[in-house]
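Letters A, B, ... are given to chains in the order of the sequence lines, protein chains preceding strands, and every chain is numbered from 1.
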2 protein chains.
Amino acid sequence: MSVVARLRGVGLRPTRQRVALARLLLEKGGRHITAEQLHGEARAAAVRVSLATVYNTLHQFTEAGLLREVIVDPGRSYFDTNTSEHHHFFDEGTGELLDIGADVVVSGLPLPPSGTQVHRLDIVVRVGPERR
Amino acid sequence: MSVVARLRGVGLRPTRQRVALARLLLEKGGRHITAEQLHGEARAAAVRVSLATVYNTLHQFTEAGLLREVIVDPGRSYFDTNTSEHHHFFDEGTGELLDIGADVVVSGLPLPPSGTQVHRLDIVVRVGPERR
DNA sequence: CAAGAGATAAGAATAATTCTAATCTGCGCT
DNA sequence: AGCGCAGATTAGAATTATTCTTATCTCTTG
């Protein structure tokens with residue numbers, strides 16, 4: 001499906017900048033990116049877009065289910081183009097995120113606190129350079 | 001063991017502010033707190049301490065293994081006085097963190113990327129207000 | 001108790017993000 | 001095809017959490 005059609009499908013007007021950002025993000029899968037990084041890529045691709053719009057767009061896409069926010073670093077948000085349920089390796093040295101594709105099963109979890117319901121379950125495996 | 005002895009044990013000089021903060025943090029277990037919150041508590045307890053020192057102290061305590069940093073919110077760091085291996089419920093509405101005391105077992109994880117080793121595994125169960 | 005290493009404080013600096021208000025643009029309607 | 005306007009974008013200011021800087025202070029050791 002074209003990027004324009006996907007945007008229309010989630011009720012977002014396919015403006016020049018939204019289409020350009022969606023192309024960068026969605027046309028090659030498996031991306032993990034911060035707002036700054038995406039802004040940089042957009043400028044590199046000669047797309048005129050402000051940082052504020054990058055932030056707006058990332059949040060709108062997330063709300064629309066086109067992206068998923070991954071929280072692994074205090075003070076920086078990562079967005080993942082893989083919206084299916086999955087988990088991550090996070091390299092604390094390089095700041096790189098890697099999808100865990102395999103099916104992971106968690107057992108032994110208690111029920112959520114009363115009055116609340118589970119919204120999402122995130123597993124982050126923090127890794128660092130091997131040392132022996 | 002006294003707070004002063006614990007600080008000495010990890011190589012930190014038991015200064016007035018470190019002792020006071022350690023008392024607030026460690027003498028009642030199971031706390032999850034941000035730097036701002038701890039600074040507020042210190043002032044409420046008539047402990048004269050700057051925010052910068054609260055940040056320094058939290059990081060030093062974490063490095064020394066007296067605290068554990070929990071990353072659940074982009075743009076805010078939580079510190080947990082429970083340093084044993086455990087996981088969390090995070091209420092996205094209230095911003096409250098709750099320890100998961102039960103033994104949780106994760107199966108199906110692939111090996112970490114080559115050249116890296118696992119440093120820590122975090123599970124965050126994000127919950128929100130129940131709605132039906 | 002003096003000296004010096006290490007600790008603290010206040011405010012400036014930084015980084016990521018959000019807000020503001022003014023201008024622009026996609027799109028339905030004619 | 002052109003109009004009008006709701007919604008989108010922008011630049012820059014503002015905000016928030018955190019870190020840095022540098023001068024002053026205070027534990028500890030001799």
Engineer: Contact class for B:P14 (heavy atom, under 4.0 Å): base, sugar-phosphate, or nothing?
Structural biologist: sugar-phosphate
Engineer: Given D:dT28, C:dG11, D:dT26, which nucleotide is nearest the side-chain atoms of B:R8?
Structural biologist: D:dT28
Engineer: Take the protein atom CZ of B:R18 and the nucleotide atom P of D:dC27, then report the distance between them rounded to whole Å.
Structural biologist: 11 Å
Engineer: Any idea which of C:dC19, D:dT18, C:dA16 is nearest the B:S77 side chain?
Structural biologist: D:dT18
Engineer: Heavy atoms from C-beta onward define the side chain here; which of D:dA6, D:dT28, D:dG12 lies closest to that of A:R13?
Structural biologist: D:dA6
Engineer: Any side-chain donor paired with an acceptor under 3.5 Å for B:H32 and B:N82?
Structural biologist: no
Engineer: Just the rounded figure in Å: distance from C1' of C:dG6 to CD of B:Q60.
Structural biologist: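 So the two atoms are 10 Å apart, to the nearest Å.
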Engineer: Rounded off to whole Å, could you give me the CG-to-C1' distance for the A:L12 and C:dG26 pair?
Structural biologist: 13 Å
Engineer: Run the numbers on A:V127 and A:L98 for side chain to side chain contact (heavy atoms under 4.5 Å, CB included), then give the verdict.
Structural biologist: CA-CA 11 Å; A:V127 302; A:L98 203 74; over 6 Å; no
Engineer: Return the value, rounded to whole Å, for the distance between atom CZ of B:R76 and atom C1' of C:dT18.
Structural biologist: 14 Å
Engineer: Ignoring hydrogens, what is the shortest heavy-atom contact between A:L51 and A:H39? Give both atom names and the distance.
Structural biologist: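 For A:L51 versus A:H39, the nearest heavy atoms are N-NE2, 3.5 Å.
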Engineer: Both A:R16 and B:P74 contact DNA chain C. Taking the nearest nucleotide for each, which residue is further toward the 5' end?
Structural biologist: B:P74
Engineer: Compare the minimum distances between each of D:dT9, C:dA10, D:dG12 and the side chain of A:Q17, then state the nucleotide with the smallest one.
Structural biologist: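 Closest nucleotide among those given: D:dT9.
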Engineer: Contact class for B:H59 vs. all strands (heavy atom < 4.0 Å): base, sugar-phosphate, or nothing?
Structural biologist: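 The answer is sugar-phosphate, as B:H59 gets under 4.0 Å only of primed atoms, P, OP1 or OP2.
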Engineer: So does A:E96 have more than 12 non-hydrogen atoms from other groups sitting under 6.0 Å from CD?
Structural biologist: no
Engineer: Taking CZ from B:R48 and P from C:dA7, how many angstroms apart are they, rounded to a whole number?
Structural biologist: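 Taking atom P of C:dA7 as the reference, CZ of B:R48 is at 18 Å.
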Engineer: Just so I know, are the side chains of A:L67 and A:T81 near enough to count as touching, which here means a heavy-atom distance under 4.5 Å?
Structural biologist: yes
Engineer: Take the protein atom OH of A:Y55 and the nucleotide atom P of D:dA11, then report the distance between them rounded to whole Å.
Structural biologist: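 After rounding, the reported distance stands at 16 Å.
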Engineer: Heavy atoms only, 4.0 Å cut-off, all strands: where does A:T53 land among base, sugar-phosphate and nothing?
Structural biologist: base
Engineer: Taking only the side-chain heavy atoms of A:L51 (C-beta and beyond), determine which of C:dA5, C:dT17, D:dT10 contains the nearest atom.
Structural biologist: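 Between C:dA5, C:dT17, D:dT10, the one nearest the side chain of A:L51 would be C:dT17.
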Engineer: Given atom CG of A:N56 and atom C1' of D:dG12, what is their separation to the nearest angstrom?
Structural biologist: 14 Å
Engineer: Starting at atom CD of A:Q37, determine the distance to atom C1' of C:dA15, rounded to an integer number of angstrom.
Structural biologist: 15 Å
Engineer: B:A35 or B:T15: which one's nearest nucleotide on DNA chain D is closer to the 5' end?
Structural biologist: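 Result of the comparison: B:A35.
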